[in-house]
Structures are given as C-alpha cells and as structure tokens.
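Since this is a predicted model, take the numbers as computed values, not measurements.
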Amino acid sequence: MTTMTSIPADGAVIVRLRAPDRSWVSQLPVVPGDLTLTVTVGRSDLLPVPVDELVGRGYRLVGVAAEHRPIGPTVDILVPMPLRQERPDWWGQLAPLAERVFDLRMGPVRQLLAAEIELHIRHADG
C-alpha cells in the first residue's frame, strides 16, 4: 500500500469522528485505491480494535492523540487535499460522519493540534 503523506499547510484536514466505543472502525468508509490514512484515537480506552479490519479499510493507527490529556471519545484521521479533490465520492461518505473538520492551513489549528499532527506526519511512511 502507498501511504498518503502531507505537509499540513497543503490543504490537509484532520477529520474528527465520534467514537463512543471500540466499534468505531466499522463506521469508516474504505479508503479508495491503495492509499493508507493515519488515525489517532482521543483516549486509550478506544483500543484495542480489530487491526485487520482497520488495515483492510485503508487506515493505520498511529497512537493516542494526547496521552497526558485525553481528548475524549473521538478518532482523528489525517486526510490530504488531493484525496478529497480526486475522490469526492469517498469524501462525501466521510465528511458527514465528522464531528469536526480541522483545516490545517490555519495557524491556530496547527498550534492546537501540533502534537497530534506530528504523530500523523512522523508515522505516515511506516
């Protein structure tokens, strides 16, 4: 699989989904092609999850967003702009599930989510 890497300022977004329990993997739409998107969870009790199902859907878990300060029952996915532009059908499945979409071109967002963004970027290539 090819991992979709992105510099946050290129129009990438972090899509935040509600994850009330460990079944959150089943709500994720399958990523098109052979791309892999990175995922963080908002707190450690949302783990473990069925890794084969997660990978089969095109996602890779890269950690807990803020272990020292849990965000809550959420899952965050880093989505590059080219994927949103080239596959509006897929984006149309994911976006309505979002509790929030953070535009990483915005300085305050990058500052607030800096540690989490680093997790995504650091683990984008494996």
Side-chain angles (χ1 to χ4, degrees):
M1 282 192 201
T2 304
T3 300
M4 194 74 156
T5 59
S6 175
I7 298 169
D10 78 348
V13 295
I14 285 188
V15 177
R16 179 164 289 168
L17 307 177
R18 298 260 332 126
D21 56 39
R22 293 180 186 164
S23 68
W24 59 266
V25 173
S26 64
Q27 74 175 320
L28 301 176
V30 175
V31 179
D34 64 351
L35 301 175
T36 300
L37 299 180
T38 54
V39 178
T40 55
V41 293
R43 59 185 199 207
S44 59
D45 68 342
L46 294 171
L47 301 173
V49 295
V51 175
D52 290 344
E53 183 180 359
L54 185 69
V55 171
R57 291 175 178 270
Y59 301 89
R60 181 162 33 101
L61 187 64
V62 296
V64 178
E67 194 69 58
H68 64 285
R69 184 179 49 91
I71 294 172
T74 61
V75 172
D76 289 352
I77 304 165
L78 180 65
V79 181
M81 183 179 283
L83 178 57
R84 295 193 328 267
Q85 291 174 330
E86 294 166 14
R87 294 303 305 263
D89 55 328
W90 175 82
W91 179 244
Q93 293 173 11
L94 182 66
L97 302 175
E99 181 177 273
R100 288 193 171 140
V101 177
F102 297 99
D103 186 338
L104 300 185
R105 293 175 292 188
M106 303 296 161
V109 171
R110 286 198 314 265
Q111 183 176 4
L112 180 68
L113 299 177
E116 183 176 355
I117 293 166
E118 177 61 28
L119 270 176
H120 285 275
I121 299 301
R122 183 174 356 125
H123 295 288
D125 292 321

Open item on the list: Please identify which of these residues, Leu46, Leu47, Val41, meets the side chain to side chain contact (heavy atoms under 4.5 Å, CB included) condition with Arg43.
Closed with: Leu46
- [ ] With the side chain counted from C-beta on, respond yes when Thr74 and Leu17 share a heavy-atom pair under 4.5 Å apart, and no when they do not.
- [x] no
Open item on the list: Quick one: does any side-chain atom of Arg16 pair with a main-chain N or O of Arg100 as donor and acceptor, under 3.5 Å?
Closed with: no
TODO: Identify the heavy atoms of Glu53 and Ser26 that sit nearest to each other, and give their distance.
DONE: OE2-CA, 3.6 Å
- [ ] Any chance you could measure Gln27, atom CD, to Leu97, atom CG, to the nearest 0.5 Å?
- [x] 5.5 Å
Task: Gap separating the CG atom of Leu35 from the CD atom of Glu86, nearest 0.5 angstrom - done: 8.5 Å
- [ ] Give the C-alpha distance, both sets of side-chain angles, the deciding distance and a yes or no for side-chain contact (heavy atoms from CB on, under 4.5 Å) between Val79 and Leu37.
- [x] CA-CA 7 Å; Val79 181; Leu37 299 180; 4.3 Å; yes
Open item on the list: Can you confirm whether Phe102 sits close enough to Val13 that some side-chain heavy atom of one is under 4.5 Å from a side-chain heavy atom of the other?
Closed with: no
Task: Val30 reachable from Leu83 in the ILVMFWY side-chain graph, under 4.5 Å edges - done: no
Open item on the list: Using 0.5 Å steps for rounding, measure from the OH atom of Tyr59 to the CG atom of Leu28.
Closed with: 5.0 Å
Task: Heavy-atom closest contact (Pro29 atom, Gln93 atom, distance) - done: CB-OE1, 3.1 Å
Task: Approximate separation, where rounding is to 0.5 Å, of Arg60 CZ and Thr36 OG1 - done: 6.5 Å
Task: Side-chain heavy atoms of Asp76 within contact of Val39, under 4.5 Å - done: no
- [ ] To the nearest 0.5 Å, tell me how far Ile71 CD1 sits from Leu113 CG.
- [x] 7.0 Å
- [ ] Quick one: closest heavy-atom pair of Arg22 and Val49, and the distance?
- [x] O-CG1, 3.8 Å
- [ ] Find out whether Leu54 and Leu61 are in side-chain contact, i.e. whether some heavy atom of one side chain is under 4.5 Å from a heavy atom of the other.
- [x] yes
Open item on the list: Hydrophobic clustering (ILVMFWY, side-chain heavy atoms < 4.5 Å, transitive) - are Trp90 and Trp24 grouped together?
Closed with: yes
Open item on the list: Are Val64 and Leu119 connected into the same hydrophobic cluster when the rule is that any two of I, L, V, M, F, W, Y join if their side-chain heavy atoms are below 4.5 Å apart?
Closed with: no
Task: Verdict with supporting geometry, Leu94 and Ile77, side-chain contact (heavy atoms from CB on, under 4.5 Å) - done: CA-CA 10 Å; Leu94 182 66; Ile77 304 165; 4.1 Å; yes
Open item on the list: To the nearest 0.5 Å, what is the distance between CG on Leu78 and CD on Glu116?
Closed with: 9.0 Å
Open item on the list: Is it the case that the side chain of Arg105 and the backbone of Gly11 share a donor-acceptor pair, with hydrogens and angles ignored and the cut-off at 3.5 Å?
Closed with: no
Open item on the list: Please determine whether a side-chain nitrogen of the Lys or Arg among Arg18 and Glu99 lies less than 4.0 Å from a carboxylate oxygen of the Asp or Glu.
Closed with: yes
Open item on the list: Does any part of the side chain of Val31, heavy atoms only, come nearer than 4.5 Å to the side chain of Arg57, both counted from C-beta?
Closed with: no
TODO: Find out if a path of hydrophobic residues (ILVMFWY) with successive side-chain heavy-atom gaps under 4.5 Å connects Ile121 to Val62.
DONE: no
